[in-house]
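All remarks here apply to the structure that follows.
The figures that follow rest on heavy atoms only: side chains count, while hydrogens, waters and symmetry mates do not.
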Amino acid sequence: MPITQEEADELVRAARAANASRQLNGMADFVSPLVVRVGIVGAASIAKKNARAIRRSERCSLVAVASRSLAKAEAWVAELGFGASCRCVEGYEHLLAAADVDAVYVPLPTSLHLDFVVKTAAAGKHVLVEKPVGRTAAEVRAMVDACRAAGVALLDGTMFVHHARFEQMDRLFADEQFWAPTRVSSAFTFWGDEAARARVGWYCIRYGLAAFRHERPTAARAVARADREGVPTDMDVEVHFGEDGRRVLTFHCSFRHHLRQWVEACSATGRRVTCDDFVIPRREERCEYRIEEIPDEQMSEYDTIVRGCVTDVPVLNCCQEVRMWDAFAALVAQGKNRTDHYDRAMLLAHAIMDAAMASARSGGSVVAIPAATLRYAMRPAA
């Protein structure tokens with residue numbers, strides 16, 4: 001069930017009270033001067049790649065893994081070859097009570113995120129939570145508010161935005177004169193049993209938000225195809241940004257097509273940025289993106305030769321998961337000066353997801369995204 005405003009307010013009050021209690025006992029805002037000590041809750045398969053990334057990070061250290069079954073946690077740690085340096089914990093609550101854990105990675109099912117993130121914040125632990133962050137934008141607002149009230153960092157596990165390749169593309173998008181996009185098109189699909197509504201194009205949305213400098217989305221329209229149980233597994237979405245709607249994001253997300261992960265960002269000045277593996281680079285050692293500049297006289301020789309300059313830009317030796325954990329450690333270290341960039345990105349993405357699902361349920365009608373639904377950081381951190 002969607003969370004009510006009264007329930008959200010109660011969660012924030014509880015987190016703020018827990019933070020005040022920690023302050024009285026001299027435990028508030030503790031950060032290791034060298035590394036952020038991370039515990040993982042749940043011995044899930046999705047967490048294995050991030051566990052390895054934590055171990056490779058120079059700013060984070062994996063110290064514990066918790067599961068409801070101690071045997072499962074032990075088998076998980078043994079499989080990854082972590083040995084005695086990473087202890088196994090039976091019961092999630094014992095991980096939250098551990099004095100040697102600064103932060104918790106939450107790869108639990110989305111339906112459990114709200115309750116566990118709030119409990120983690122109340123325990124004074126920083127949080128990196130898998131995407132999507134919640135089931136609705138209201139749940140995400142409650143998590144953001146609870147973490148701010150408790151004085152802890154909150155980051156979602158969108159790894160590609162931390163890759164050096166994406167940072168290069170992002171710098172191009174900041175060039176309002178030449179490279180700022182007016183249209184972004186994308187697809188992220190893979191064959192599987194998971195329902196499309198679980199993500200509704202999370203990666204495509206996050207790329208579009210960055211390309212449009214996190215401008216306010218105003219409306220969304222979606223058409224979905226469902227399985228026999230009525231669960232949407234394939235969806236085409238269109239999102240408009242800004243008061244004039246001049247910037248448009250279109251994307252296809254599906255669990256009924258094989259792997260596709262391409263994106264194209266087009267400016268009004270004949271410039272394009274494209275990438276065909278923007279979510280999961282094919283290789284850590286080398287990946288690429290393409291930039292293209294097309295002059296006003298685009299064709300010659302009776303439309304048989306295309307004018308323009310195309311450059312494939314290589315990016316070498318970058319692990320986006322390691323860089324994500326380094327960025328998380330930096331966010332933790334910012335303390336009371338912590339940026340609200342990620343809070344805003346999470347909330348905008350979920351507002352778009354909510355509108356897209358509402359449109360799909362209505363048969364594809366345009367659904368407005370009111371500005372009031374996009375509020376963030378309403379309450380200052382305690």
Exercise. Answer yes when Asp100 and Arg37 have at least one side-chain N-carboxylate O distance shorter than 4.0 Å, and no when they do not.
Key: no
Exercise. State, yes or no, whether a side-chain contact exists between Phe251 and Met235 at a heavy-atom distance under 4.5 Å.
Key: no
Quiz prompt | Under 3.5 Å: donor-acceptor pair, side chain of His240, backbone of Pro217 | solution = no
Quiz item: When you measure from the side chain of Arg323 to the backbone N and O of Met159, does any donor-acceptor pair fall under 3.5 Å?
Solution: no
Exercise. Hey, could you give me the CG/CZ distance between Leu62 and Arg56, rounded to the nearest 0.5 Å?
Key: 14.5 Å
Self-check item: Minimum heavy-atom distance between Ala222 and Ser359, given as atom pair plus value
Solution: N-OG, 2.8 Å
Quiz item: Charged N to carboxylate O under 4.0 angstrom, Glu293 versus Arg272?
Solution: no
Self-check item: Check: Leu331 main-chain N/O paired with Arg338 side-chain donor or acceptor under 3.5 Å
Solution: yes
Exercise. Fit a plane to each ring of Trp191 and His258, take the angle between them on a 0 to 90° scale, and name the class: parallel (under 30°), tilted (30 to 60°) or perpendicular (over 60°).
Key: parallel
Quiz item: Checking side-chain contact (heavy atoms from CB on, under 4.5 Å) for the pair Val263/Val184: CA distance, chi angles, key distance, verdict?
Solution: CA-CA 7 Å; Val263 67; Val184 173; 3.9 Å; yes
Quiz item: Charged N to carboxylate O below 4.0 Å: is that the case for Asp175 and Arg271?
Solution: no
Self-check item: Residue pairs, two or more places apart or on separate chains, that pass ring-ring contact (aromatic ring centres under 6.0 Å, His included) and touch residues 138-159
Solution: none
Self-check item: Minimum heavy-atom distance between His126 and Ala153, given as atom pair plus value
Solution: ND1-N, 2.8 Å
Scan the side chains in residues 46-55 for donor-acceptor partners under 3.5 Å anywhere in the protein, sequence neighbours excluded, and list what turns up.
from, atom 1, to, atom 2, distance (Å)
Lys48, NZ, Glu79, OE1, 3.2
Lys48, NZ, Glu79, OE2, 2.8
Lys49, NZ, Glu321, OE2, 3.4
Asn50, OD1, Trp325, NE1, 3.0
Asn50, ND2, Tyr105, OH, 3.0
Asn50, ND2, Glu130, OE2, 3.4
Arg55, NH1, Ser85, OG, 2.9
Arg55, NH2, Ser85, OG, 3.4

Quiz item: Does the side chain of Leu249 come within less than 4.5 Å of Phe241's, by heavy atoms?
Solution: yes
Quiz prompt | Carboxylate-amine/guanidinium proximity below 4.0 Å for Asp277 and Arg165 | solution = yes
Quiz item: Is any NZ, NE, NH1 or NH2 atom of the basic residue among Arg148 and Asp343 found under 4.0 Å from an Asp or Glu carboxylate oxygen of the other?
Solution: yes
Quiz prompt | Heavy-atom pair with the smallest gap, counting every atom of Val118 and Ala146 | solution = CG2-CB, 4.0 Å
Quiz item: Should Val106 and His113 be marked as a side-chain contact (heavy atoms from CB on, under 4.5 Å) after you check the CA-CA gap, both sets of side-chain angles, and the distance that decides it?
Solution: CA-CA 8 Å; Val106 184; His113 285 182; 4.2 Å; yes
Practice problem: Of all the heavy-atom pairs spanning Cys147 and Val117, show the shortest one and how long it is. | Solution: SG-CG1, 3.9 Å
Self-check item: Pair listing, side-chain hydrogen bond (donor to acceptor under 3.5 Å, both in side chains) test, anchored in residues 205-214, at least two apart
Solution: Asp156-Arg206, Thr158-Arg206, Asp170-Arg213
Quiz item: Taking a hydrophobic cluster as the set of Ile, Leu, Val, Met, Phe, Trp and Tyr residues connected by side-chain heavy atoms closer than 4.5 Å, whether directly or through intermediates, do Val89 and Val36 fall within one such cluster?
Solution: no
Practice problem: Kindly give the heavy-atom pair with the smallest separation between Ala211 and Pro181, and that separation in Å. | Solution: O-CD, 3.4 Å
Quiz item: Under a single-linkage definition using a 4.5 Å side-chain heavy-atom cutoff for Ile, Leu, Val, Met, Phe, Trp and Tyr, are Phe178 and Phe173 assigned to the same hydrophobic cluster?
Solution: yes
Quiz item: Any side-chain donor-acceptor pair under 3.5 Å between Thr136 and Asp354?
Solution: no
Exercise. May I ask you to say whether Arg247 pairs ionically with Glu215, meaning some side-chain N is under 4.0 Å from a carboxylate O?
Key: yes
Quiz item: Which pair of non-hydrogen atoms, one from Ala351 and one from Ala137, has the smallest distance, and what is that distance?
Solution: N-CB, 4.0 Å
Quiz prompt | Partner of Phe160 by ring-ring contact (aromatic ring centres under 6.0 Å, His included), out of Phe188, Tyr289, Phe278 | solution = Phe278
Quiz prompt | Expected output: side-chain His350 to main-chain Met346 donor-acceptor under 3.5 Å | solution = no
Quiz item: Below 4.5 Å, heavy atoms only, C-beta onward: do Ile352 and Ile369 meet side chain to side chain?
Solution: yes
Quiz item: Does the side chain of Thr311 reach to within under 4.5 Å of the side chain of Cys309, using non-hydrogen atoms?
Solution: yes
Quiz item: So, Trp76 side chain and Ala44 main chain: donor-acceptor pair closer than 3.5 Å or not?
Solution: yes
Exercise. For side-chain contact (heavy atoms from CB on, under 4.5 Å), just list the numbers for Val101 and Leu95, CA-CA rounded to whole Å, side-chain angles, deciding distance to a tenth of an Å, and then say yes or no.
Key: CA-CA 8 Å; Val101 173; Leu95 182 70; 4.0 Å; yes
Quiz prompt | Side-chain donor/acceptor of Gln334 to backbone N/O of Thr339, under 3.5 Å | solution = yes
Quiz item: When you look at Ile205 and Met353, which way does the side-chain contact (heavy atoms from CB on, under 4.5 Å) test go after all the steps?
Solution: CA-CA 8 Å; Ile205 292 170; Met353 290 170 64; 3.7 Å; yes
Practice problem: Verify, without hydrogens or angle tests, whether Lys125 (side chain) and Thr120 (backbone) share a donor-acceptor contact under 3.5 angstrom. | Solution: no
Quiz item: Under 6.0 Å between ring centres, would you say that holds for His252 and Trp262?
Solution: no
Self-check item: Electrostatic pair Arg221-Asp236, nearest N-O below 4.0 angstrom
Solution: no
Quiz item: Within the side chain of His257, is there an N or O that forms a donor-acceptor pair under 3.5 Å with the backbone of Thr189?
Solution: no
Quiz item: Could Asp115 and Lys119 be called an ion pair, given the rule that one side-chain N must be under 4.0 Å from one carboxylate O?
Solution: yes
Quiz item: Do Ser254 and Arg256 have side-chain N/O donor and acceptor atoms under 3.5 Å apart?
Solution: no
Practice problem: Establish, from distance only, whether the side-chain atoms of Thr269 and Ser267 form a donor-acceptor pair under 3.5 Å. | Solution: yes
Quiz prompt | Spatial distance of atom CD1 (Ile291) from atom CG (Asp312) [nearest 0.5 Å] | solution = 9.0 Å
Self-check item: SB check Arg286 Glu288 (cutoff 4.0 Å)
Solution: yes
Quiz item: Is there a side-chain contact between Val273 and Leu172 (heavy atoms, below 4.5 Å)?
Solution: yes
Quiz item: With respect to Asp276, which candidate in Arg290, Arg260, Arg282 satisfies the salt bridge (charged side-chain N to carboxylate O under 4.0 Å, His left out) definition?
Solution: Arg282
